[in-house]
Amino acid sequence: MTITKHLQEYFLTFPGLAGKRLDIDCLAPNDGAYSLDSIPAETVVKRYIDGSAVKRHLFVISSRCFYSNDLQQQEENLAFFEDLSDWLFREEALGHTPNLGTKRTARKITVLSSAYPIVVDDGGETARYQIQLELIYLQEV
C-alpha cells in the first residue's frame with residue numbers, strides 16, 4: 001500500500017471527516033469535497049550506512065467550500081483546518097501516528113501552512129482551500 005493510501009486511512013479517523021470521502025489527488029467540484037494531494041519534493045532527509053533513510057512526504061489536504069463575502073462562511077471554511085491542525089497536535093502528543101506498513105515508521109506530521117483559498121471557481125461560488133503538511137518517517141531496508 002502507498003504512503004498516500006496510509007495517510008488517507010489515518011486522516012479519515014479525524015472527526016471532521018467522519019462519514020465523508022477523502023479522495024487522493026482529485027478534488028471534486030462540489031461543496032464538501034476533500035482530497036489528499038501529494039506535493040513534488042526531494043524525499044530523502046538523511047541516509048544511513050545500512051541503506052535505511054529518514055524520508056519526508058509533502059502533501060496538502062484540500063477542500064471545496066462555498067465562497068462568498070459572508071464572514072460566517074469564511075470562518076466556517078477555515079474552522080475545518082484549524083480543527084484538523086489541533087487534532088494533529090493532540091494525536092502527536094499522544095504518540096498516535098499513521099501506520100505506514102512494513103519497514104516504514106512515521107515519526108511526525110507537521111503542519112507547514114495555515115489554511116488558505118488557492119483557487120476560486122469561475123462562477124465565484126466555491127473555492128479550493130488547502131493546508132500544507134509534511135510527514136517524516138523512517139524507511140528501513
- Worked verdict on I3 versus R104 for side-chain contact (heavy atoms from CB on, under 4.5 Å): CA-CA 9 Å; I3 288 174; R104 293 185 297 225; 3.7 Å; yes
- Query: Of the non-hydrogen atoms in E42 and R56, which two are nearest, and what is the gap between them?
  - Reply: O-NE, 2.9 Å
- Query: Under 4.5 Å between any side-chain heavy atoms of F14 and L84, yes or no?
  - Reply: yes
- Message: Do L138 and L7 sit in one hydrophobic cluster, given that two such residues count as connected whenever their side-chain heavy atoms are within less than 4.5 Å of each other, even indirectly?
- Response: no
- Straight-line distance of I24 CD1 to T2 OG1, nearest 0.5 Å: 6.0 Å
- Item | salt bridge (Lys or Arg N to Asp or Glu O under 4.0 Å) contacts in which one or both residues fall within residues 2-17, not counting sequence neighbours | none
- Item | Test item: N77 side-chain N/O and F66 main-chain N/O as donor-acceptor pair under 3.5 Å | yes
Could you list the donor-acceptor pairs under 3.5 angstrom formed between side-chain atoms of residues 87-94 and any protein atom two or more places apart in sequence or on another chain?
{"from": "E91", "atom 1": "OE1", "to": "H96", "atom 2": "ND1", "distance (Å)": "3.3"}

- Message: Before you tell me yes or no, could you show the steps for T4 and L36 under side-chain contact (heavy atoms from CB on, under 4.5 Å), namely the whole-Å CA-CA distance, both residues' side-chain angles and the distance that decides it to 0.1 Å?
- Response: CA-CA 8 Å; T4 301; L36 189 151; 3.6 Å; yes
- Query: Would a 4.5 Å heavy-atom cut-off, applied to side chains only, mark K46 and K55 as touching?
  - Reply: no
- Item | Derivation of the side-chain contact (heavy atoms from CB on, under 4.5 Å) call for Q139 and T43 | CA-CA 11 Å; Q139 175 75 55; T43 59; over 6 Å; no
- Evaluate the side-chain proximity of L71 to E76: yes if any heavy-atom separation is below 4.5 Å, no if none is. no
- Message: Can you confirm whether L100 sits close enough to L135 that some side-chain heavy atom of one is under 4.5 Å from a side-chain heavy atom of the other?
- Response: yes
- Item | Which atom of S35 lies closest to which atom of C26, heavy atoms considered | OG-N, 3.1 Å
- Heavy atoms, side chains only, cut-off 4.5 Å: are E134 and I136 in contact? yes
- Task: Answer yes or no: is there a side-chain heavy-atom contact under 4.5 Å between L112 and I131?
- Result: no
- Item | Working for side-chain hydrogen bond (donor to acceptor under 3.5 Å, both in side chains), residues E140 and Y48 | CA-CA 10 Å; E140 298 175 48; Y48 296 105; over 6 Å; no
- Message: Is the distance between the ring centroids of Y129 and Y34 under 6.0 Å?
- Response: no
- Query: Which heavy-atom pair separates R128 from V60 by the least distance, and what is that distance?
  - Reply: NH2-CG2, 3.9 Å
- Note on the structure: Here the pair of heavy atoms bringing I109 nearest to Y10 is CD1-CE2, 3.8 Å
- Task: Starting at CG of L17, measure out to CZ of R21 and round the result to the nearest 0.5 Å.
- Result: 13.0 Å
- Quick one: does C65's side chain get under 4.5 Å of T126's, heavy atoms only? no
- If two hydrophobic side chains count as joined below 4.5 Å and joins carry through other members, does V54 share a cluster with L133? no
- Side chains of S38 and L58 in contact at under 4.5 Å (non-hydrogen atoms): no
- More than 12 non-hydrogen atoms from neighbouring residues, nucleotides or ligands closer than 6.0 Å to OH on Y137, yes or no? yes
- Shortest non-hydrogen contact from L27 toward S62: CD2-OG, 3.9 Å
- If we ignore angles and hydrogens, is there a donor and acceptor under 3.5 Å between the side chains of Q130 and Y116? yes
- Item | Minimum heavy-atom distance D50-V141, with the two atoms named | O-CG2, 2.9 Å
